[in-house]
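This report refers to the structure that appears directly beneath it.
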Amino acid sequence: MTSASPASGPAPREAAPEGGRETLVEAARFLLAKAEERGLTLAVAESLTGGEVTSTLVSVPGASAVVVGGVVAYATRIKAEVLGVDPERLALTGPVDGEVAEQMAAGVSRLMGADLGLATTGVAGPGAADGHPAGTVHVAVASPWGALSRELHLSGDREAVRDGATTAVLALAGALLETAPDRGAEAASGPD
């Protein structure tokens, strides 16, 4: 799988996206429309967002055509036991890690038989956790044609960080679908 991660060095702190609930729902609508156009399904693995990504997606009428389900893997052991995240990686880095987010996304996709897996992990705050300051977030999307992940450093209170993480993973998945190969083209370009 290919991975797009930030350049080396810490990313600057970002303000959580403005717009609140409307921004979240618009990002969900965009993603669901793109996935449905392509005949794709998705599943979500959530840690710091605690079900907010899945809840936002299913708040859109017709989401059942795309959304298969979600797993709230809040405890570190659930990331390994349910989603198949490498326990050695978790012991080495803890749960707040880009590779962990990618493994969560791939794991939920595999677990639920979905085309796409979305994942969030990080520190919502108000204080630091696992050696990371509040607002440190990793989001990832796994697909048959590769994976994308992004590290964020969000500012604001716990709700703002969770909303920012939700918007970011929905936007990342939408961006991945914008550049994804067309399923019809893939079938047509099979072996000669």
Side-chain angles (χ1 to χ4, degrees), residues 3-32 34 42-60 70-76 78-79 83 85 89-90 92-108 116-142 147-179:
S3 176
S5 294
S8 61
R13 291 197 75 70
E14 302 173 36
E18 296 294 322
R21 187 79 189 145
E22 301 81 33
T23 301
L24 295 174
V25 173
E26 285 307 311
R29 276 193 189 109
F30 177 80
L31 172 58
L32 291 168
K34 287 292 176 191
L42 66 86
V44 185
E46 304 185 61
S47 186
L48 84 149
T49 49
E52 183 175 331
V53 177
T54 306
S55 177
T56 300
L57 286 165
V58 301
S59 74
V60 176
V71 172
V72 175
Y74 207 65
T76 300
I78 300 303
K79 292 170 181 67
L83 297 174
V85 174
R89 180 71 186 190
L90 287 166
L92 178 69
T93 66
V96 183
D97 176 70
E99 178 64 26
V100 168
E102 287 187 20
Q103 289 184 26
M104 289 172 64
V108 78
L116 303 175
L118 285 63
T120 64
T121 188
V123 183
D130 298 315
H132 300 279
T136 304
V137 173
H138 293 271
V139 296
V141 181
L148 288 177
S149 63
R150 185 168 179 217
E151 180 177 352
L152 306 166
H153 297 274
L154 301 171
S155 60
D157 63 11
R158 186 173 177 83
E159 181 180 359
V161 170
R162 293 177 69 235
D163 286 353
T166 298
T167 301
V169 76
L170 294 172
L172 187 65
L176 181 68
L177 287 181
E178 286 279 271
T179 62

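Predicted, not measured: the structure shown is a model, and the values here were computed from it. Both backbone and side-chain heavy atoms feed into the values below; hydrogens, waters and symmetry mates do not.
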Between the side chain of [X] and the main-chain N/O of [Y], is any donor-acceptor distance below 3.5 Å?
{"X": "Thr136", "Y": "Pro133", "value": "yes"}
{"X": "Arg158", "Y": "Gly125", "value": "yes"}
{"X": "Thr93", "Y": "Leu90", "value": "no"}
{"X": "Glu46", "Y": "Val53", "value": "yes"}
{"X": "Thr167", "Y": "Asp163", "value": "yes"}

Identify the two heavy atoms, one from [X] and one from [Y], that lie closest to each other, and give their separation to 0.1 Å.
{"X": "Ala73", "Y": "Ser47", "result": "O-OG, 3.5 Å"}
{"X": "Ala101", "Y": "Ala119", "result": "O-CB, 3.3 Å"}
{"X": "Gly98", "Y": "His138", "result": "N-ND1, 3.2 Å"}
{"X": "Ala168", "Y": "Leu152", "result": "CB-CD1, 3.3 Å"}
{"X": "Gly50", "Y": "Val72", "result": "C-CG2, 3.8 Å"}
{"X": "Lys34", "Y": "Leu177", "result": "CB-CD1, 3.8 Å"}

Can you list everything that forms a salt bridge (charged side-chain N to carboxylate O under 4.0 Å, His left out) with [X]? Sequence neighbours excluded, please.
{"X": "Arg89", "result": "Asp97"}
{"X": "Glu99", "result": "none"}
{"X": "Glu26", "result": "Arg29"}

So do [Y] and [X] actually touch side chain to side chain, heavy atoms under 4.5 Å?
{"X": "Val44", "Y": "Val108", "answer": "no"}
{"X": "Leu170", "Y": "Leu118", "answer": "yes"}
{"X": "Leu148", "Y": "Val139", "answer": "no"}
{"X": "Pro95", "Y": "Asp130", "answer": "yes"}
{"X": "Lys79", "Y": "Tyr74", "answer": "no"}
{"X": "Val96", "Y": "Val137", "answer": "no"}

Worksheet item: Tell me, which pairs form a salt bridge (charged side-chain N to carboxylate O under 4.0 Å, His left out) where one or both residues lie in residues 48-59, sequence neighbours left out?
Response: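 Applying salt bridge (charged side-chain N to carboxylate O under 4.0 Å, His left out) to every pair that reaches into residues 48-59, excluding sequence neighbours, yields Glu52-Arg162.
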Fill in: Partners meeting side-chain contact (heavy atoms from CB on, under 4.5 Å) with Ser55 (sequence neighbours left out)
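Scan of Ser55 (side-chain contact (heavy atoms from CB on, under 4.5 Å), adjacent residues dropped) gives none.
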Worksheet entry | Pair listing, side-chain hydrogen bond (donor to acceptor under 3.5 Å, both in side chains) test, anchored in residues 120-129, at least two apart |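 For residues 120-129: Thr49-Thr120.
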